[in-house]
Colleague: 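Before anything else, here's the structure in question.
Proteins get letters first, then strands, A, B, ... in listed order; numbering begins at 1 in each.
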There are 2 protein chains.
Amino acid sequence: MAENLPVNSLRTAFDILETLAARDGMSISELASSTERPKSTVYDHLVTLHELGYLVERDGSYQISSDFLRMGDVARQRLEIYQSAGEELQRLANETGEHASLTVEEHGKAVIIATEEGDEAIPVNIYNGIVMKMHTAAPGKAIFAHLGEDRVSEIVETHGLVERTENTITDRDDLRAELAEIRERKYALDDEERLMGMRSVAAPVIDRGGRVRGSLAIYGPTNRIDDELFREDIPDLLMRSANIVEVLMNYD
Amino acid sequence: MAENLPVNSLRTAFDILETLAARDGMSISELASSTERPKSTVYDHLVTLHELGYLVERDGSYQISSDFLRMGDVARQRLEIYQSAGEELQRLANETGEHASLTVEEHGKAVIIATEEGDEAIPVNIYNGIVMKMHTAAPGKAIFAHLGEDRVSEIVETHGLVERTENTITDRDDLRAELAEIRERKYALDDEERLMGMRSVAAPVIDRGGRVRGSLAIYGPTNRIDDELFREDIPDLLMRSANIVEVLMNYD
DNA sequence: AAAAATTTTCCGGCATTACCGGAAATCAGA
DNA sequence: TCTGATTTCCGGTAATGCCGGAAAATTTTT
């Protein structure tokens with residue numbers, strides 16, 4: 001983090017933007033202390049970002065503008081896997097009644113780029129753009145299993161195998177074994193490895209060139225996702241859907 | 001546009017980001033010529049943005065990362081009107097079979113921050129974050145009608161009354177009269193004023209303090225939206241929903 | 001294969017400007 | 001109206017964004 005960037009002011013700008021995204025309606029003084037920068041500097045950036053249209057002033061305080069929504073949406077639209085997965089996500093959510101989501105890897109992290117809520121879906125924090133460590137939940141592991149040995153090591157090197165619950169995989173050899181097993185059986189399981197009380201299942205989506213593009217997943221509370229659902233029914237649904245997405249994806 | 005900003009490098013950075021959002025998978029050289037800046041400058045920014053995580057390298061070319069999706073989504077979640085309108089949007093889409101959307105004003109423009117597609121919805125370009133001129137379609141006009149004389153003048157001053165179709169309101173007095181009528185009858189109509197073949201209807205959402213927070217709208221093809229739907233049924237649905245959103249919004 | 005062409009990455013110097021302390025202006029509350 | 005807090009503005013300067021050009025890497029052509 002302490003390293004020098006070619007255009008340092010961008011760090012300041014995005015620091016401010018991220019702070020505003022995290023907590024809303026902050027005053028300049030608050031922003032200044034949160035980002036640990038002089039008020040005048042923060043002010044310069046706020047004025048600039050506002051002028052460019054990326055901030056909006058509402059009720060006397062600054063907020064992130066919908067430009068980010070637009071840019072994010074456009075970027076997402078352009079992902080082939082997103083285009084192809086829409087229908088299946090919806091279907092998975094309907095069939096299971098739980099949260100269904102589409103995840104891709106970016107910068108060594110698992111990013112949820114789309115979610116659909118089934119009728120029973122727990123009102124848990126699963127929203128667009130949320131980022132998770134690769135090793136903690138099923139979607140990340142499903143992708144992880146198909147990334148290639150060195151890329152995995154590289155990512156583990158950078159982000160570590162942080163323990164989230166007592167079930168989290170924190171040992172490299174354990175991870176290696178787990179990933180091999182996932183490759184073997186074609187889907188990944190997370191039994192309260194990221195969050196106590198939550199299980200997730202995921203199947204990778206692999207393109208014609210053999211590269212993993214992302215994964216489809218179902219999340220649900222442990223009490224509802226019994227062993228049969230967890231290890232048989234849901235994996236089957238996911239593998240079916242993943243397969244369909246793979247076919248759709250390779251049309252053009 | 002030629003004016004000087006306190007932090008000029010941000011213009012460069014967002015120029016690059018917007019260019020990348022618009023056209024995907026551009027090489028550095030292409031980006032340099034598109035943004036009319038030296039390659040080395042573009043390179044500096046790309047490296048910085050990549051390091052910060054806002055760009056992703058895929059297949060040897062840069063793309064906007066899902067961070068924008070996250071930031072946009074978070075910003076949107078924080079809008080009270082968005083929280084309150086979710087259910088109603090869905091319902092409107094179901095009831096009409098057309099596109100239902102939620103629009104707010106930002107920087108004098110109408111921004112669609114949420115859409116739901118009904119069964120019959122035309123596969124038209126209505127997506128999150130899309131920006132329209134206030135005077136062209138129903139959602140913008142519905143908001144416009146409740147902004148206050150001087151704010152309207154200010155916006156018209158800045159953005160003009162650009163003609164999109166032969167039906168577009170391009171005269172200030174006509175606009176003033178139209179807005180008065182909208183206030184009167186409580187909803188706005190757009191009869192192919194923005195796009196030939198498309199009609200839209202919108203109802204404003206006004207908070208307890210009398211301030212307009214946004215509008216609910218239905219879009220559909222002229223041949224399907226006959227006069228009765230256009231002037232009676234859809235307005236009724238929208239006014240009902242807008243009213244519900246208003247109530248929900250003022251709970252806390 | 002080698003060479004040529006193109007693109008990407010890197011470097012270094014200079015003019016620019018991002019940064020920030022402090023002052024002025026504005027706002028909020030009593 | 002006064003007071004305290006916050007926002008806005010200003011100006012000097014150390015830092016750095018910018019960019020030409022060269023090196024490295026990649027792709028295309030012969």
Side-chain angles (χ1 to χ4, degrees), chain A residues 1-20 23-65 107 150-151 154 209 211, chain B residues 1-20 22-65 107 148 150-151 154 209 211:
Chain A
M1 281 289 168
E3 59 211 311
N4 251 25
L5 296 170
V7 189
N8 230 305
S9 49
L10 294 187
R11 166 169 285 146
T12 308
F14 279 98
D15 263 11
I16 291 170
L17 288 169
E18 290 286 2
T19 308
L20 272 173
R23 256 169 304 147
D24 204 28
M26 301 186 79
S27 69
I28 291 188
S29 309
E30 286 176 301
L31 265 175
S33 64
S34 286
T35 60
E36 296 181 322
R37 279 169 233 265
K39 288 178 219 213
S40 38
T41 300
V42 172
Y43 181 72
D44 282 345
H45 281 262
L46 287 178
V47 168
T48 306
L49 289 167
H50 183 256
E51 183 66 32
L52 291 173
Y54 298 100
L55 290 180
V56 173
E57 219 172 340
R58 252 192 275 267
D59 314 311
S61 70
Y62 290 97
Q63 295 182 15
I64 284 187
S65 86
H107 288 285
D150 13 341
R151 180 89 181 99
E154 191 183 315
R211 193 156 64 92
Chain B
M1 281 291 165
E3 58 211 315
N4 252 24
L5 295 170
V7 189
N8 230 308
S9 48
L10 294 188
R11 167 169 284 146
T12 308
F14 279 97
D15 263 12
I16 291 170
L17 287 169
E18 289 285 1
T19 308
L20 272 173
R23 255 169 306 146
D24 203 29
M26 299 185 81
S27 69
I28 291 187
S29 309
E30 285 176 300
L31 266 175
S33 64
S34 286
T35 60
E36 296 181 323
R37 279 170 233 265
K39 288 177 223 221
S40 37
T41 300
V42 172
Y43 181 73
D44 283 344
H45 281 261
L46 287 179
V47 168
T48 306
L49 290 168
H50 182 256
E51 183 67 32
L52 291 174
Y54 298 99
L55 290 180
V56 172
E57 216 172 342
R58 252 192 276 267
D59 314 313
S61 70
Y62 289 98
Q63 293 181 16
I64 284 187
S65 86
H107 289 285
D150 14 339
R151 180 90 181 100
E154 191 184 315
R211 193 157 62 93

Colleague: Give a yes/no on whether any side-chain N or O of Thr12(A) is located under 4.0 angstrom from OP1 or OP2 of dA18(C).
Modeller: no
Colleague: Starting at CG of Leu46(A) and ending at P of dC19(C), how long is that distance when rounded to a whole Å?
Modeller: 12 Å
Colleague: Would you say the side-chain atoms of Ser27(A) and Glu30(A) include a donor-acceptor pair closer than 3.5 Å?
Modeller: yes
Colleague: Between the side chain of Thr35(B) and the main-chain N/O of Ile16(B), is any donor-acceptor distance below 3.5 Å?
Modeller: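 Not at all, since once roles are kept as given, no pair shorter than 3.5 Å links the two residues.
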Colleague: Just how far, in rounded Å, is P of dT8(C) from CD1 of Ile16(B)?
Modeller: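 It works out to 13 Å between those atoms.
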Colleague: For nucleotides 21-30 of chain C, read 5' to 3', which letter fits each nucleotide if B means a protein heavy atom sits under 4.0 Å from the base, S means only the sugar-phosphate is that close, and - means neither?
Modeller: BB--------
Colleague: Roughly how many Å is it from CG in Asn8(B) to C1' in dA15(D), rounded to a whole number?
Modeller: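 So the CG-C1' distance, Asn8(B) to dA15(D), works out to 16 Å.
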Colleague: Taking atom CG of Leu20(A) and atom OH of Tyr54(A), what is their separation to the nearest 0.5 Å?
Modeller: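 These two atoms lie 15.5 Å from each other.
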Colleague: Give the dot-bracket line for DNA chain D from 5' end to 3' end: parentheses for intra-strand Watson-Crick or G-U pairs under 3.5 Å, square brackets for crossings, | for inter-strand pairing, dots for unpaired.
Modeller: ||||||||||||||||||||||||||||||
Colleague: What is the separation between atom CD on Glu51(B) and atom P on dT9(C), rounded to the nearest whole Å?
Modeller: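 My rounded result for the distance is 14 Å.
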Colleague: Once you round to the nearest 0.5 Å, how far does CG of Asp44(A) lie from OG1 of Thr12(A)?
Modeller: 10.5 Å
Colleague: Calculate the interatomic distance between Leu10(A) atom CG and dC18(D) atom C1'; express it in whole Å.
Modeller: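 Spelled out: CG on Leu10(A) to C1' on dC18(D) is 13 Å.
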Colleague: Can you tell me if Thr48(B) uses its side chain to pair, donor with acceptor, with the backbone of Val7(A) under 3.5 Å?
Modeller: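 Indeed, once roles are kept as given, a pair shorter than 3.5 Å links the two residues.
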Colleague: Look up atom CZ in Arg37(A) and atom CG in Leu31(A), then write down how far apart they are to the nearest 0.5 Å.
Modeller: 11.0 Å
Colleague: Go through Ser9(B) and Ser9(A) one step at a time and tell me if the side chain to side chain donor-acceptor pair (under 3.5 Å) criterion holds.
Modeller: CA-CA 7 Å; Ser9(B) 48; Ser9(A) 49; 2.7 Å; yes
Colleague: Within a reach of under 6.0 Å around CZ of Arg151(A), are more than 12 heavy atoms found that belong to other residues, nucleotides or ligands?
Modeller: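 Buried by this count: over 12 neighbours within 6.0 Å.
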Colleague: Measure CD/Glu57(B) against P/dT26(D) and give the value in whole Å, please.
Modeller: 11 Å
Colleague: Whole-Å distance between dC19(C) C1' and Leu5(B) CG?
Modeller: 16 Å
Colleague: Calculate, to the nearest 0.5 Å, the distance between atoms CE and OG belonging to Met26(B) and Ser34(B) respectively.
Modeller: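 Result: 3.5 Å between the selected atoms.
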Colleague: Identify the two heavy atoms, one from Leu49(A) and one from Ala13(A), that lie closest to each other, and give their separation to 0.1 Å.
Modeller: CD1-O, 4.3 Å
Colleague: Do the rings of His50(A) and His107(B) sit parallel, tilted or perpendicular, given the 30° and 60° boundaries?
Modeller: tilted
Colleague: For Ser9(A) and for Val47(A), find the nucleotide of DNA chain D with the closest heavy atom, then tell me which residue's nucleotide is more 5'.
Modeller: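 Closer to the 5' end of DNA chain D: Val47(A).
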Colleague: Output the distance between atom OH (Tyr62(B)) and atom CG (Leu46(B)), rounded to the nearest 0.5 Å.
Modeller: 5.5 Å
Colleague: Does any residue of residues 26-37 of chain A have a heavy atom under 4.0 Å from DNA chain D, and if so, which ones, in number order?
Modeller: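 By residue number: Ser27(A), Ile28(A), Ser29(A).
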Colleague: Given atom CZ of Arg11(B) and atom P of dA18(C), what is their separation to the nearest angstrom?
Modeller: 11 Å
Colleague: Tell me which nucleotide among dC19(C), dT8(D), dT9(C) gets nearest to the side chain of Tyr62(A).
Modeller: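 Of the options given, the side chain of Tyr62(A) lies nearest dT8(D).
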Colleague: Using the side-chain heavy atoms of Tyr43(B), tell me which of these nucleotides is nearest: dC19(C), dC18(D), dC10(C).
Modeller: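 In terms of side-chain proximity for Tyr43(B), the closest of dC19(C), dC18(D), dC10(C) is dC10(C).
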